[in-house]
A.B. asks: 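Got a structure for you, written out below as structure tokens; questions coming shortly.
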Amino acid sequence: MSVSVFVVDKRGKPLDPCRPSRARKLLQSGRARVHRLFPFFTIRLVDRTLEESIVHPTLIKFDPGSKETGVAVVRVEEREDGTRVHHALAFAKIIHRREPIHEKMLARKSYRKHRRAKLRHRAPRFDNRKRPEGWLPPSQRHCVDTIRAIGAKLMRYLPMCGFAVETVKFDTQKLMNPEISGVEYQQGTLAGNELRAYLLEKFQYACVYCGAKHVPLTIDHVVPRAKGGTNRVSNLVIACCDCNQKKGAMPVEEFLKKKPEVLKKIKTQLKESLKGAAAMNTTRKVLPKALEATGLPVKIGSGAQTAFNRHRLGLAKEHWIDALCVGNVSGITIPGGLNVLQIFCMGRGRYRRTNVDRYGFPRGYLMRKKRVHGFATGDMVEAIVLKGKRQGRWRGRVLVRTKGRFDIQTAQGRVAGINWKYCRLLSHSDGYRYAWLSQAS
């Protein structure tokens, strides 16, 4: 549990957070009620309003990333000497689902292509489409919308004064070649060469997998496109037709598990993908505008400033620590025992109610209703089973079944076959799954 417990007045207006010991006394004395359990434990006072209280400004700070985003909730203290001390109240880490969304978009594309092959009378629609201004790919739009949604969710329970977000611009050419300069920025890897001729010359007109020469050679992706591989030259090799077909979408480690020397040689020429850096460059200007739509001011800090603050204060390199160091910071305090809340983006289900196999044929049908006996997949429930082999107290995310036998995903694992009559709803599904990380240092 985090050090701070969020507090709202009897009308639902946010007040200053308090410590768990204070919240426990308020609940035991009847002066407060449990308001929410997720994402952060929140209590509601029954004998106080916002006008009768003194609140201090609270700032939510984000350190965006392509896969994870750090979140820090701080209380800002303006001292007489002009310094700004940020007192940490809560930490969180958002785990995005950018890659799964990208894979689902590719699957949808393949299904659409298959339908067009079967229905030749269907006119193509891409000629009539026009992307609106500010359009982003769904995988990148998801990251922006998630950060904005988490910020709006926390605004309900905190006396907010604004947001702070880090924006960085990656030089992808510099990431590939740290020594690049001058006119080399205008010349690509293939300056003066065609792609196929470049690869044939690079691999000496031989298959990299079996060494065959004087046979028809093709271009192969070392990391398959189906596994997230790109068309970068560093991910392309020359292979004969037989090796190319045998490898297919198989990982290169599995395909060459009996040839470790060949695998090592191929891996030396592979480079790290720059998809994450490209995504951050795309969304760095969109995210502040999305947060400004909440009506609160947004302060922007650079990545260099964040790194300077972290090194000056002697803090570890973590996403939530980077979020804490965003912007103009004179001093920082982190109470002991402050845990980090992990927020997993799970989505709100899907419209498709038919599962298909790898070839696109139906292999199973989902139920038409998403709720069973008032429960939906993703709801947080508590089940108390008094007897039987599933006896115990189970608390976690529920997976509903048509027959009323639910599965509950707990911190220790999944418990299957719990009757819905034993379940008690704790919180409706909001598209996220929450779990506490180990204690922050």
Side-chain angles (χ1 to χ4, degrees), residues 1-2 5-8 12 23 27 32-44 69 71 90 92-97 100-101 104 142 145-158 339-355 364-437:
M1 183 177 181
S2 69
V5 175
F6 293 174
V7 183
V8 297
L27 291 170
R33 302 285 187 270
V34 176
H35 185 67
R36 283 194 69 87
L37 297 177
F38 307 98
F40 290 97
F41 187 73
T42 307
I43 62 174
R44 184 182 72 254
T69 293
V71 184
K93 181 174 68 171
I94 305 173
I95 292 88
H96 298 291
R97 56 189 189 106
I101 289 177
K104 289 181 183 295
H142 151 76
D145 291 344
T146 299
I147 295 174
R148 180 182 60 185
I150 295 297
K153 188 185 291 289
L154 295 180
M155 281 176 58
R156 305 174 190 172
Y157 316 115
L158 293 168
N339 291 344
V340 180
L341 178 67
Q342 294 185 100
I343 305 175
F344 299 88
C345 299
M346 306 298 294
R348 294 181 178 270
R350 59 188 181 185
Y351 290 107
R352 192 183 74 190
R353 313 310 293 164
T354 304
N355 291 329
Y365 301 93
L366 302 180
M367 55 187 184
R368 299 291 129 183
K369 295 181 180 179
K370 290 192 175 183
R371 289 199 169 273
V372 178
H373 300 294
F375 298 93
T377 296
D379 291 346
M380 296 296 296
V381 301
E382 182 182 51
I384 301 177
V385 183
L386 300 179
K387 57 182 180 180
K389 63 179 182 180
R390 297 175 184 83
Q391 181 179 357
R393 183 173 182 174
W394 314 104
R395 184 173 179 175
R397 190 172 182 266
V398 69
L399 290 83
V400 300
R401 300 288 184 266
T402 307
K403 296 182 179 180
R405 292 279 181 176
F406 297 166
D407 295 355
I408 298 180
Q409 186 68 43
T410 67
Q412 294 76 26
R414 179 180 294 190
V415 182
I418 300 224
N419 194 298
W420 69 273
K421 296 180 181 179
Y422 297 122
C423 297
R424 180 173 67 92
L425 181 66
L426 299 178
S427 176
H428 286 292
S429 173
D430 59 355
Y432 304 100
R433 180 169 66 88
Y434 305 101
W436 287 103
L437 197 61

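Everything numeric in this text was worked out from a predicted model, so none of it was measured. Here, residue 1 is the first one in the sequence, and each next residue gets the next number.
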A.B. asks: Can any side-chain N or O of R401 pair as donor or acceptor with the backbone N or O of D407 at less than 3.5 Å?
C.D. replies: no
A.B. asks: Between atom OG1 of T146 and atom CZ of R97, what is the distance when rounded to the nearest 0.5 Å?
C.D. replies: 7.5 Å
A.B. asks: Can you run down the side-chain hydrogen bond (donor to acceptor under 3.5 Å, both in side chains) pairs that involve residues 342-354, sequence neighbours left out, and say none if there aren't any?
C.D. replies: R350-N355
A.B. asks: Is any side-chain heavy atom of H428 less than 4.5 Å from a side-chain heavy atom of D379?
C.D. replies: yes
A.B. asks: Taking atom NZ of K153 as the centre, report whether more than 12 heavy atoms of other residues, nucleotides or ligands fall under 6.0 Å from it.
C.D. replies: yes
A.B. asks: Hey, what's the ring geometry for W420 with H373, parallel, tilted or perpendicular (30° and 60° as the breaks)?
C.D. replies: parallel
A.B. asks: Can you see which heavy atom on C345 is nearest to which on I94, and at what distance?
C.D. replies: SG-CG2, 4.0 Å
A.B. asks: Tell me the ring-ring contact (aromatic ring centres under 6.0 Å, His included) pairs involving residues 379-417, sequence neighbours left out?
C.D. replies: F375-F406
A.B. asks: Please tell me if the side chains of D430 and F38 come closer than 4.5 Å, counting only heavy atoms from C-beta onward.
C.D. replies: no
A.B. asks: Residues two or more places apart in sequence or in another chain: which of them pass side-chain hydrogen bond (donor to acceptor under 3.5 Å, both in side chains) with N419?
C.D. replies: none
A.B. asks: According to side-chain hydrogen bond (donor to acceptor under 3.5 Å, both in side chains), who are the partners of T42, at least two apart in sequence or on a separate chain?
C.D. replies: none
A.B. asks: Under 3.5 Å, is there a donor-acceptor pair between the side chain of Q391 and the main chain of V385?
C.D. replies: no
A.B. asks: Look up atom CZ in R405 and atom CD1 in I418, then write down how far apart they are to the nearest 0.5 Å.
C.D. replies: 9.0 Å
A.B. asks: Residues two or more places apart in sequence or in another chain: which of them pass side-chain hydrogen bond (donor to acceptor under 3.5 Å, both in side chains) with Y422?
C.D. replies: none
A.B. asks: Is R397 close to M346 at the side-chain level, that is, under 4.5 Å between some pair of heavy atoms?
C.D. replies: yes
A.B. asks: What's the shortest heavy-atom distance between A32 and L27, and which atoms?
C.D. replies: O-CD2, 3.5 Å
A.B. asks: Could you work out, with side-chain hydrogen bond (donor to acceptor under 3.5 Å, both in side chains) as the rule, every residue matching R433, not counting sequence neighbours?
C.D. replies: none
A.B. asks: Looking only at heavy atoms, what is the nearest atom pair of K93 and V340, with distance?
C.D. replies: N-CG1, 4.2 Å
A.B. asks: Do you know which two heavy atoms are closest between C423 and I408, and how far apart they sit?
C.D. replies: SG-CD1, 4.4 Å
